[in-house]
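One structure is given here, and the rest of the page talks about it.
Residue numbers start from 1 in every chain, and the chains themselves are labelled A, B, ... in the order their sequence lines are given, proteins ahead of strands.
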Amino acid sequence: MRDLIGDVYPNKYRREVIQDGQTIIPDQQATITNVTRFARPIKDKHISELLEGEKPSDEQRNAANAELNGYRVRVAGRLAVPPRVMGKAAFVHLSDGIERLQIYVRKQDAKAVNNDTGETIDDEGAAWEIFGLLDHGDFIGVEGFLFVTKTGELSVHVETIQFLSKARFPMPDKMHGISDPELQRRYRYADLIASSLQVEHEGLTTRQVFERRAKLISGMRRFLDDAGFIEVETPMLTPKATGAAAKPFKTHHNALDIDLYARIAPELYLKRLTVGGFEKVYELNRNFRNEGLSQKHNPEFTMLEFYCAYMDVNGMMDFAEAMIKESVQKATGGSLQVKYGENEIDFSNFGRISMKEAIVNNFPIDRMKLFKPEWLEDELHIMALAMFSDPQFAYANDGLHKLNIDGTREFLPMSEKELSKIPKIMFDSLSSEPNFFELEELWNNSFNLQKERYNNGSRQPQVGIDNQIEKIFENIVEKKLIQPTFIIDYPKSISPLSKASPENPNIAERFELFINGMECANGFSELNDPQEQYERFADQMWSREAGDEEAMVLDEDYIRALAYGMPPAAGIGIGIDRLVMLLTNRHSIRDVILFPHMRPEKNKNAEKTEDAPENQTTT
RNA sequence: GGUCCGAUAGCUCAGUCGGUAGAGCAAAUGGCUUUUAACCAUUGGGUCGAAGGUUCGAGUCCUUCUCGGAUCACCA
């Protein structure tokens with residue numbers, strides 16, 4: 001091919017649409033998508049809508065072509081299908097990644113371009129020869145005039161053809177694309193090509209998922225910008241991993257000789273900025289957490305955090321709800337309802353309910369007629385409920401029988417080794433015959449066990465009680481919150497950066513937003529009293545010393561910042577990836593992150609030449 | 001980390017009881033001047049994820065490992 005056209009990877013190709021010698025669509029705008037959208041109405045004007053398999057009449061076609069033939073177009077794109085060659089003429093579709101446009105090449109009409117000289121090649125058969133060498137996936141540029149084929153498809157009648165780039169790997173299956181999730185994520189570029197070239201698909205293509213993600217994010221930025229917020233960038237590498245409860249990634253700075261942590265949250269930096277006078281501030285960027293991977297967890301994930309002075313927790317819920325609604329509409333193209341698996345999620349109405357009310361409302365009353373809401377105010381009952389609401393296990397030879405609070409049973413096959421790791425407390429109240437258990441009996445067992453402990457004097461401190469309330473909430477309520485719901489009135493002790501409620505010193509002015517059982521946002525009235533903040537950090541350090549690895553780390557400089565005076569403010573963090581999952585009907589966070597983290601591919605060649613297979617592996 | 005499932009041609013997938021490695025698409029060659037999942041004919045393409053074992057014989061059975069998926073545990 002080099003002999004015919006010179007360089008196979010030319011630097012540039014100028015696109016345009018010309019009418020009567022005048023450029024009407026210039027290079028950067030003359031994408032296949034734009035040209036198609038420009039030309040289609042012209043075709044439609046002459047050819048009314050056709051039924052499946054119906055062809056336009058000769059009169060319709062002649063009328064359309066009389067107008068369309070006046071437009072010369074220069075377009076470029078990837079061969080979206082293998083060329084359909086028929087003797088001395090051929091059809092093929094070009095794609096710009098979004099739309100596709102058919103081109104028609106007739107041997108006697110087409111000339112090739114030499115990439116080195118930019119001149120058309122005199123040899124009559126050159127273009128046809130080059131066309132014969134094209135593969136599915138190659139990039140070409142063509143010049144010609146618009147027309148409509150016998151079947152009514154808008155096409156370009158090609159007069160010059162220029163080779164632009166080679167696809168050396170074969171394209172994925174044109175009908176099926178790539179269906180192996182491992183290949184989709186590892187070779188995202190190929191997945192994206194496949195999704196843009198695929199002829200038929202169900203739901204959103206991979207490309208459309210990330211387009212929707214981009215629209216959601218730009219919608220959020222626009223909403224915040226319009227509301228007077230300023231976007232900032234705070235450190236990714238921080239001397240202390242604080243602002244949230246999570247395990248960090250650790251690294252080392254050589255010149256300063258200090259350890260640094262990839263940030264787990266930008267929260268404390270953003271609040272320093274409210275001290276500094278940024279009354280409305282946001283950051284939309286990555287957080288890093290060195291924890292397990294799951295469909296809902298990726299080691300790096302995107303968070304939108306923003307803070308607004310002179311706003312409280314209720315104002316923040318109003319504002320966040322408005323922002324999410326508007327950006328969801330931007331992302332979906334206007335709809336507030338999305339299908340997620342079996343569920344229809346409606347963003348037009350966000351519920352608000354306190355954590356304790358949610359527990360009361362969702363408690364399986366028919367199973368547990370004895371339950372009284374007052375129990376949630378009583379330490380002994382809270383401890384017993386937490387234990388009771390946790391799935392209860394009973395041994396079997398080959399695994400565990402799990403009894404859920406709603407009465408459903410599951411069987412978990414497990415090895416002996418794994419069985420031995422289950423905390424012993426789970427079995428204290430159970431025999432090895434799971435079928436004989438009734439929930440009332442379980443409750444009595446849980447209650448009596450806790451009562452015994454209580455009487456022993458091993459009373460839990462407040463943080464323990466609050467953790468148990470949260471646990472009850474997680475066990476009973478969380479997965480039932482399908483429609484967007486703000487859970488309010490969080491226990492204070494598990495909200496170390498949040499202001500206490502003026503009415504109840506044990507309750508924080510805090511909320512979390514749940515959608516489809518997933519925590520999607522977390523916000524509160526920001527604690528701005530340096531003295532109290534210091535004491536809250538001290539409590540956290542106390543839990544940390546007691547073994548809670550996730551307790552928050554003290555940040556003295558943040559206390560100093562607060563001592564300069566921080567205005568009353570509310571803030572929120574919104575998990576972007578999870579929201580995108582909901583809007584795109586994707587059930588793994590890895591499907592909404594372009595390049596999710598995977599175990600490295602094994603290098604088969606290296607394996608062959610190096611270790612003998614006998615070598616035992618180490619973890 | 002536990003459990004279950006999966007890995008076969010570039011892609012999507014069959015492969016029965018343990019007995020010669022298969023199809024469609026893609027690729028190559030030839031034919032065809034308005035096709036559109038084009039069509040017709042011919043051809044090439046494989047260390048069946050890796051290593052070991054059982055067997056006269058292994059894609060298939062067993063063990064270990066690698067990677068992935070689902071799920072539970074952990075974790076915001």
Side-chain angles (χ1 to χ4, degrees), chain A residues 53 55 61 80-93 100 102-109 128 132 135-137 147-153 155 157 167-187 190 194 198-200 244-247 264-265 287 289-297 299 301 303 391 393 398-400 402 410-423 470 474 478 494 512 518-522 549-550 573 575 578 587-588 590 598-604 607-608 611-617 619:
Chain A
K55 292 178 179 177
R61 207 152 48 80
V81 287
R84 294 183 292 273
V85 182
M86 298 160 302
K88 296 180 177 62
F91 287 96
V92 69
H93 281 89
R100 51 178 66 203
Q102 180 169 262
I103 63 168
Y104 173 61
V105 183
R106 202 155 66 152
K107 184 177 179 184
Q108 71 215 45
D109 297 339
W128 191 246
D135 287 319
H136 184 197
F147 78 110
V148 174
T149 64
K150 276 183 180 166
T151 53
E153 178 159 349
S155 307
H157 192 119
R168 291 182 190 277
F169 278 130
M171 292 296 108
D173 189 289
K174 67 184 172 193
M175 289 308 292
H176 305 97
I178 295 179
S179 65
D180 181 345
E182 180 175 357
L183 296 183
Q184 284 178 354
R185 295 160 185 175
R186 256 190 226 290
Y187 309 136
Q198 217 174 329
V199 180
E200 286 171 2
K247 289 176 207 139
I264 56 173
N287 290 346
R289 299 188 183 178
N290 203 345
E291 291 164 355
L293 289 79
S294 81
Q295 301 115 292
K296 289 180 186 143
H297 298 90
F301 61 99
M303 180 98 114
F393 296 116
D398 47 352
L400 281 174
K402 199 167 119 181
E410 288 170 62
F411 178 67
L412 300 178
M414 274 187 188
S415 65
E416 244 177 81
K417 190 176 135 198
E418 189 63 16
L419 281 168
S420 68
K421 282 189 193 165
I422 305 292
E470 199 190 14
E474 283 173 8
E478 223 174 78
I494 55 170
E512 287 196 352
M518 269 195 301
E519 175 201 335
C520 290
N522 175 15
E549 257 189 282
E550 309 265 309
R578 290 178 177 184
H587 295 248
S588 170
R590 293 174 159 197
M598 311 271 286
R599 279 212 170 73
E601 271 184 296
K602 241 212 168 140
N603 187 332
K604 285 172 189 166
E607 193 186 34
K608 261 183 195 168
D611 301 12
E614 311 286 311
N615 282 3
Q616 74 269 54
T617 51
T619 46

What is the distance from [atom1] of [X] to [atom2] of [N], rounded to the nearest Å?
X	N	atom1	atom2	answer
I178(A)	rU12(B)	CD1	P	7 Å
R106(A)	rU33(B)	CZ	P	11 Å
H297(A)	rA73(B)	NE2	P	13 Å
E470(A)	rC75(B)	CD	P	11 Å
Q295(A)	rC72(B)	CD	P	8 Å
W128(A)	rU33(B)	CH2	P	9 Å
D135(A)	rA27(B)	CG	P	6 Å
N290(A)	rC75(B)	CG	P	15 Å

Could you pick out which residue, R185(A) or K107(A), lies toward the 5' side of RNA chain B when each is mapped onto its nearest nucleotide? K107(A)
Taking for R590(A) and for E519(A) the nucleotide of RNA chain B with the nearest heavy atom, the one nearer the 5' end belongs to R590(A)
So [X], base contact, sugar-phosphate only, or nothing? Heavy-atom distance under 4.0 Å.
X	answer
A245(A)	sugar-phosphate
G575(A)	nothing
F169(A)	nothing
V85(A)	base
F147(A)	base

Look at the side chain of [X] and decide which nucleotide, out of [options], has an atom nearest to it.
X	options	answer
L183(A)	rA38(B), rA27(B), rC11(B)	rC11(B)
K150(A)	rU34(B), rU33(B), rU12(B)	rU34(B)
Y104(A)	rU33(B), rG10(B), rU35(B)	rU33(B)
K55(A)	rG68(B), rU33(B), rU35(B)	rU35(B)
S588(A)	rU35(B), rA27(B), rA70(B)	rA70(B)
Q102(A)	rG68(B), rU35(B), rU34(B)	rU35(B)

Relative to each other, are the rings of Y104(A) and H157(A) parallel, tilted or perpendicular (30° and 60° limits)? perpendicular
Nearest heavy-atom approach of V85(A) to A90(A) is CA-CB, 3.8 Å
Approximate separation, where rounding is to 0.5 Å, of [X] [atom1] and [Y] [atom2]:
X	Y	atom1	atom2	result
F301(A)	R289(A)	CZ	CZ	3.5 Å
H93(A)	R84(A)	NE2	CZ	5.5 Å
R578(A)	H297(A)	CZ	NE2	5.0 Å
E153(A)	Q102(A)	CD	CD	4.0 Å

Produce the list of close N/O pairs, under 3.5 Å, pairing protein atoms with atoms of nucleotides 22-24 of chain B; give distances to one decimal.
{"residue": "rG24(B)", "atom": "N2", "partner": "D173(A)", "partner atom": "OD2", "Å": "3.2"}

Spacing of the [atom1] atoms in [M] and [N] (rounded, Å):
N	M	atom1	result
rG6(B)	rU43(B)	C1'	33 Å
rC48(B)	rU35(B)	P	45 Å
rC17(B)	rG57(B)	C1'	15 Å
rU8(B)	rG45(B)	C1'	14 Å
rC62(B)	rG18(B)	C1'	13 Å
rA9(B)	rA51(B)	C1'	23 Å
rU3(B)	rA73(B)	C1'	11 Å
rU63(B)	rC25(B)	P	39 Å

What pairs with E512(A) under salt bridge (charged side-chain N to carboxylate O under 4.0 Å, His left out), at least two apart in sequence or on another chain? R510(A)
In the structure shown, which nucleotide is the Watson-Crick or G-U wobble counterpart of [N], with both distances under 3.5 Å?
N	answer
rG1(B)	rC72(B)
rA27(B)	rU43(B)
rA14(B)	none

Mind running side chain to side chain contact (heavy atoms under 4.5 Å, CB included) on V92(A) and I103(A) for me, showing each step along the way? CA-CA 6 Å; V92(A) 69; I103(A) 63 168; 3.3 Å; yes
Please state whether the phosphate of [N], meaning OP1 or OP2, lies under 4.0 angstrom from any side-chain nitrogen or oxygen of [X].
X	N	answer
R84(A)	rA38(B)	yes
R61(A)	rU34(B)	no
S179(A)	rU12(B)	yes

Would T149(A) and F91(A) count as a side chain to side chain contact (heavy atoms under 4.5 Å, CB included) if you check the C-alpha gap in whole Å, the side-chain angles of each, and the deciding distance to 0.1 Å? CA-CA 11 Å; T149(A) 64; F91(A) 287 96; 3.9 Å; yes
Ignoring hydrogens and angles, are the base of rU34(B) and the side chain of E153(A) linked by a donor-acceptor pair under 3.5 Å? no
Taking only residues two or more places apart in sequence, or in another chain, which ones meet P170(A) in a side chain to side chain contact (heavy atoms under 4.5 Å, CB included)? none
In rC17(B), glycosidic geometry as syn within 90° of 0 or anti otherwise: syn
